[in-house]
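Working notes for the structure below.
What you see below is based on every heavy atom in this structure, not just the backbone, and it leaves out hydrogens, waters and symmetry mates.
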Amino acid sequence: MKQYICLSSSPWQAVPTRTQQLMTRLRDAEVLFFEPPSSRGRGARDGGRRVRPGLTVYTLPPVLQVDERHGFLFSRGVNKLARFITAKMDRHRFREPILWTTCPDQVHLLDSLPFRGLVYDCDRYWSGFPLEWESDLALSADVIFAASQGLIDHLSPCNDNIALLPNGVNFPMFARQEAELPGDLASIPRPILGWAGTVRRNLDLSPLLRAAAELPQCSFVLVGQIEGSAQLRRLSALPNVHLLGPKAPVDLPDYLCRFDVCLNLLSGRELPTDIIPSRIYEYLSTGNPIVSMIGSGQIEHFPDVIYGAHTAREFSQLCASALTEVGSWTRCRRRDYGAAAAWSVRADEVCRILDAIGLC
């Protein structure tokens, strides 16, 4: 049985993160999953939660957040975390496991934890940490899994052993076609053009505003948590826009498979990124047409099966075009892309690479 210590950058969530998806699919593995300290300050008293066979979640104890230049206090916090982790390793009889890191600040724990191999799973650009932290972590890693080619280019000066591991999807869940019609969709006229995900304040809703105004015969549905904004207030005032709020993860595929067109929007204040969000793979798995905004200088992903728009005007036009799509080739091609991105496929690739470098 292979042993993994996973230092997660985010808590264990009902909607699984990339780290959760991979950790739950590693073959013949026993995993201790350490999530960040609780905002309620409950870490050291946490006895662990066995969320599934072979995977136990612990909440790290809270530590004083101080700058690295305050050497004594900074080291004291690192030592507290290291003692907590090693105590849990002893409890579960972990001996020199593979250490799976996900965030640059975890580099400070490397000298205090016993491990036989180090993985850095990088799924984002970490602008909030000193560059040398990530550089040191990348230099120490036996292998880096990067979520995009841009991240590979970013980390390549520090390590030659970098593998592209994009985000993925629970393909069987989102590819199912026989789904029960959700009650709050039953009264909404079709065609339905839908977005799934948190509607954050910085999400640029201007393409959706234009499309909803220019296509009054269509219904525009937003599924997910809502954060208020001026654009959202204007959008919700339109008669063909429906805000359905957040849904349980298990129910989300029932909504996506009913969308006649799936919509992808961009943040209005963040730099474009080449990291493909899991949402895109969820959309692809349904086979339904997808219209996506593309930022300036952003790479266009899956141009053969996704309608890519650079302006709000083009977005509205492509929404209308997507509704007229005929034939099965494009639908099947989208589903093929979704199947290739299944989390089980991603986890198998991780295991193959770890085997190849002698870590499994």
Problem - Heavy-atom side-chain proximity of S278 to Q21 below 4.5 angstrom - result: no
Handout entry: D160 atom CG, over 12 foreign heavy atoms within 6.0 Å
Key = no
Handout entry: Y281 and H301 aromatic centres sub-6.0 Å
Key = no
Handout entry: Student check: side-chain heavy atoms of V305 and L284 closer than 4.5 Å
Key = yes
Handout entry: Atom CZ of R313 with >12 non-hydrogen neighbours under 6.0 angstrom
Key = no
Handout entry: Presence of salt bridge, E282 and R334, under 4.0 angstrom
Key = no
Handout entry: Exceeds 12 heavy-atom contacts within 6.0 angstrom, atom CZ of R76
Key = no
Exercise for the section: Give me the ring orientation class for Y58 and H92: parallel if the planes are under 30° apart, tilted from 30 to 60°, perpendicular past 60°. Expected result: perpendicular
Practice task
Answer yes or no: is there an ion pair linking R352 with E349, defined by an N-O contact shorter than 4.0 Å?
Solution key: yes
Practice task
For the pair W100 and F145, name the ring-plane relationship: parallel under 30°, tilted 30 to 60°, perpendicular over 60°.
Solution key: parallel
Practice task
Determine whether the aromatic ring centres of F315 and H310 lie less than 6.0 Å apart.
Solution key: no
Problem - E35/R49 salt bridge by N-O under 4.0 Å criterion - result: yes
Exercise for the section: Please examine the side chains of L99 and V119, heavy atoms only from C-beta on, and report whether any two atoms are closer than 4.5 Å. Expected result: no
Handout entry: Set of residues satisfying salt bridge (Lys or Arg N to Asp or Glu O under 4.0 Å) with respect to R50, sequence neighbours excluded
Key = none
Practice task
Apply ring pair (Phe, Tyr, Trp, His ring centres under 6.0 Å) to F33 and list each qualifying residue two or more places apart in sequence or on a separate chain.
Solution key: W12
Exercise for the section: Give a yes or no answer on whether the side chain of D121 reaches the backbone of T102 with a donor-acceptor pair at less than 3.5 Å. Expected result: no
Practice task
Identify whether the distance between the nearest side-chain nitrogen and carboxylate oxygen of K2 and D355 falls below 4.0 Å.
Solution key: no
Handout entry: Short N-O contact, K247 and D254, less than 4.0 angstrom
Key = no
